[in-house]
Every structure is written in C-alpha cells, then in structure tokens.
Amino acid sequence: IMDNLPAATRILTDSDGIALTTYERGYPLGFLGSPEFPGTFPSAPYINNHLRLIIKYHQEPDLFQGSRIVGFEVEALSVAHRYEGEWRGDATKLATVPLSPDLPPQPVRAEHRCRRRQGGGSAAGGCEVIFTYEVTWEESPVRWASRWDLYLYMGDDQVHWISLVNSLAVVLLLTGVVAMIMARTLRRDLNRYNSDEREELLEESGWKLVHADVLRPPPRPLLLSVSVGTGVQLLCMSFISIACALLGFLSPANRGGLLTATLLLFVLMGVPAGYGASRTFKSLRGVEWRALTLLTATAYPAAIFVVFTLLNLALWSHGSTGAVPAGTFVALLAMWFCVSLPLVFVGAFLGFKRPLPAPPTRTNEIPRQIPPQGWFLGRAVTMAVGGVLPFGAVFIELFFIMTSVWLQRFYYVFGFLALVLLILIITCAEISIVMCYFQLCAEDYHWWWRAFLTSGSSGLYLFGYSIMYFHSQLEIDGFVPTLMYFTYMAVFSTLFFLVTGTIGFYSCQKFVWAIYAAIKVD
C-alpha cells in the first residue's frame, strides 16, 4: 500500500477492438511452468522474486506544490539471480542486474536447476531465493481525485445490464401471474363467496373453506419468530449499507469500511429485529417473550460466532496472517452484549406493547382435516419452484460479489446492487403469494412455515452454486482453505435464506389477511 493505494497489477484487454486497461489488486506470487514460458519445466512451481514498482505521480504547479501519487502498479517477475563467490549481504554484487529478457526464472525446488541453500538442515532440498525490487517513477495526467477510477472500472458493465434485464423479465412474468390471480381468479372467488344466492352450492371447495383454520398457529412458533426477526435485522442492514454506499459514504479508499459499517449496522438494527420477532410471535399467540427476545439476540449470531471462532483457531494453528486478533473478538463481544442485546429487548418491548389488529376470521377449537394433496403441492416441490426464481433473478450479480470476495476484485457497482435487491424483494413476494394461494385453494392451511421456506429455499440454490463456483473459478488447495470457503458460503447461504424467507413470510401474511378480510364469514 502506498498513499492508501493498494498495489495492483495492470492487465491489458481487448474489447471490440478497443484496448482497455484494468487493474487487479495485488500481484501473483508465482506460476507453474508450461510450454508458453520458455526455460521452465512443465507443472514445476516458480516464484516471482523480483518486483518492479511503478509509482505514478501528478503535478499541477498552478494548484499545488510538489507531486501527488495517483497510481501504484507492480510487475512481478521471476529471475534466477546469480552472484560470484560467497554471499556478503548488501555488498554482494548480482551478475543478473540489470535484468534482461533471456534470464531463466527462479524455481522453488532444487531439482529444477537452482542454487542449493547453504547449511543444509531443514532447508535441504530447497532453493536459495534472492528477492529484489526496482522503483520506476512515471508522470501521469490522472488527477488525484480520479486516481481510484482505474481500480473501480468494471469492464463488463454490459453483463450487469443483461443481468438486470433477465431479472426484470422474471419479475414481469411473476407480476403477470399475480395480476391474473388477483384480477380474475381471486375476484371471481370473492364474488362467488359473497353471493347470497345458492348458498348450498358454495361449500364445494376453495380457500374460503379453511377460514376457521387459516390463522391457527403453526408448530415451533418460537423458531419461526426468531428467524423472521433475524431476517428483518439483516434486511434493514442491507438496505442502509447499500444506501450509504450509493451516497458515497463508503469510499474504497477507506479500507475495510464496508465490512465495519455492515457489522455496526447489524448491531444497531437490534430494534427492528426485536420488534419484528415480537409482533410475529404475538400473532402466533406466543407468550414466552423473554425466551423469544433472548433467542432473537443470540441464536443465529451465536451460531455464526462459534463457526467464526473455530475457523480462526484453525488459521492461528497454521500461522496465517489472516487470523483475526484477540482484541477484535473482545470488541465484537462488547458490541453484541452491550449494544445489540439491549436494542433487541427495546424492540421486543415495543412490539409486545402495541396491540395487534383484529383478525379477519375466528379460529375453531378443533382443526379441520386436510384432504390428500397432489405431489405438485408437496413441500419439496414448492421449495424447488419457489427458490429457483429469486435465485435466478440475482445469480449473475452474486457471481461478481463472490468474485470480489474470493478473487480480490473490486466491486463498486452499488447502483446495480440496489436494483437487484429491489427485484429480489419483488420476486420473493410474488412467488410466495402464488404458492400460498395454490396451497389454500387445496384446503391446506399450514401456510406459515411454507411461506417462509418457499422463497427462503433460494439459499439452498446459492450454496449449490457456490460448489459449482469452487470447481470452475477457484484454485484452492489444502484442507483449511477449502473448509474456510465452504463454511463461509454456508453461513452466507443461511443469511440469504433468512432474508428471502422473511420477505416471503410477510408477503403471504399480508395476502392472507387481505383476502380473508374481504369475504363474508358466517
């Protein structure tokens, strides 16, 4: 890092005959030998031991004195350095300096023709590697205010537009289906159910027949309420984080700013989490408000914290510099118990204190028997159908997000991300309403959990996509890195499941309240 600019490798690409310059963060540590690299053994590892640091500066004497750094490029080279006699530290004169194109690369293993280490011992069989660098200063016309533009340039913005059009097509299709249900089928049902004629013919079939059971509490209402509350917390955090990024508050120059803001917002969103969980639990006739509040504040965060701690211990055991220090753990625990937990209690208090609206129907004491259901209305089928459409609307943007996380690319198209989030909400709401309507028409009133799982199953698709991404895009070796990847993707898929499930749950709840409030019930 130089003047807060990360070291980057310049990549020249050709797009429709136009030469484009893009940057990748960092530089390659080495490469594997192949025929395209003369003088290398096939599949033999070689290390880049020479760095050419290119520092670009900008001058404007009329505005300021001196120079401002506007670029920091790194060219990594592999050179098998040679010297005469014994190594004498800084006094050693290298015979390979200045560099020339015909110099052989530096192998990692001794059997690939390199100078042996002196002294033997644990270094026996290894190579003596000499690390060097050179610095080049280049004047640049780029102004200091625009120096991040090349880092943040998204050369494939056309793909984002294609993704957006694809998502809009899915939304328009679902909107048409929902409009057909609302404008034709549902209106016809309401007219038929509210008609005063031929009362004896009305009790045939349809969603009105379950009006006395549609608000019957589901099994495990505590778990459902906690999941909905955590989903509300994540959804509010996502909205505010993207809004701050759109307004320019989360600049890439502030390294780690997005992650810090996300964690802070998650903690501060404890009030919406407690409020959403308590309102849901109260509508399900739950009374254990202390258990609900405590689980909302600790259940999912504790599970993620335990997973994160175990992975960090694995990194510590391997001496990785990516391990989180103990002080950060203390800060996270302080934020969790001193800020998030009290805010969840405040939200739960407000939610339980506010009275619920009058239910549209009364619930019978004896539950109605559910008739046999077709295979196409089974939970597995509705989850498979309900999850693929929300995931299909956002998976292209998810590819770029995963690339920025796992391949150290820059991601700064938050405008596209905001639109995709809006499309995701609409898609989850519409597919959940459609599936809920079909379920109620089949006289199955167990819609509470089904509404949450239908759109929430997109998290399963996300985890399946992460497996394909691992094999097609990444080159990760070793047990610990592989464990880290799949564990983090499992956590991210769970969070995605909670967000999409919460959207589907609230959409179906509003839909059920609306249709049963519009009919006459004796």
Which heavy-atom pair separates [X] from [Y] by the least distance, and what is that distance?
| X | Y | result |
| --- | --- | --- |
| C428 | I503 | CB-CG2, 3.7 Å |
| T296 | A273 | CG2-O, 3.9 Å |
| A348 | T293 | CB-OG1, 3.3 Å |
| L292 | A277 | CD2-O, 3.6 Å |
| V74 | L51 | CG1-CD2, 4.0 Å |
| S466 | M489 | CB-CE, 3.7 Å |

Between T382 and Q439, is any pair of side-chain heavy atoms under 4.5 Å apart?
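No, side chains not in contact.
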
Rounded to the nearest 0.5 Å, how far apart are [atom1] of [X] and [atom2] of [Y]?
| X | Y | atom1 | atom2 | answer |
| --- | --- | --- | --- | --- |
| S278 | F345 | OG | CZ | 12.0 Å |
| L398 | F391 | CG | CZ | 6.5 Å |
| I476 | T482 | CD1 | OG1 | 6.0 Å |
| L460 | L453 | CG | CG | 9.0 Å |
| H50 | E75 | NE2 | CD | 9.0 Å |
| L495 | F266 | CG | CZ | 7.5 Å |

Would the distance check show the side chain of [X] and the main-chain N or O of [Y] forming a donor-acceptor pair, the cut-off being under 3.5 Å?
| X | Y | result |
| --- | --- | --- |
| S241 | T262 | no |
| Q373 | P371 | yes |
| N48 | P28 | yes |
| W336 | A331 | no |
| E397 | F416 | no |
| N312 | A323 | no |

Is a side-chain donor-acceptor pair under 3.5 Å present for [Y] with [X]?
| X | Y | value |
| --- | --- | --- |
| S455 | T500 | no |
| Y300 | S227 | yes |
| Y469 | T403 | yes |

Do the ring planes of [X] and [Y] sit parallel (below 30°), tilted (30 to 60°) or perpendicular (above 60°)?
| X | Y | result |
| --- | --- | --- |
| W447 | F505 | parallel |
| F31 | F37 | tilted |
| Y488 | W406 | tilted |
| F395 | Y465 | perpendicular |

Would F497 and F452 count as a ring pair (Phe, Tyr, Trp, His ring centres under 6.0 Å) if you check the C-alpha gap in whole Å, the side-chain angles of each, and the deciding distance to 0.1 Å?
CA-CA 9 Å; F497 162 78; F452 189 88; 5.4 Å; yes

V214 vs L440, test: side chain to side chain contact (heavy atoms under 4.5 Å, CB included). Steps then yes/no.
CA-CA 8 Å; V214 72; L440 294 176; 4.0 Å; yes

Does CD belonging to E288 count more than 12 external heavy atoms closer than 6.0 Å?
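Incorrect, the count does not exceed 12.
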
Are more than 12 heavy atoms, taken from residues, nucleotides or ligands other than R379, located less than 6.0 Å from that residue's CZ atom?
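No, not enclosed.
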
Check: F305 ring centroid to F329 ring centroid under 6.0 Å:
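Centroid distance F305-F329: below 6.0 Å, so yes.
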
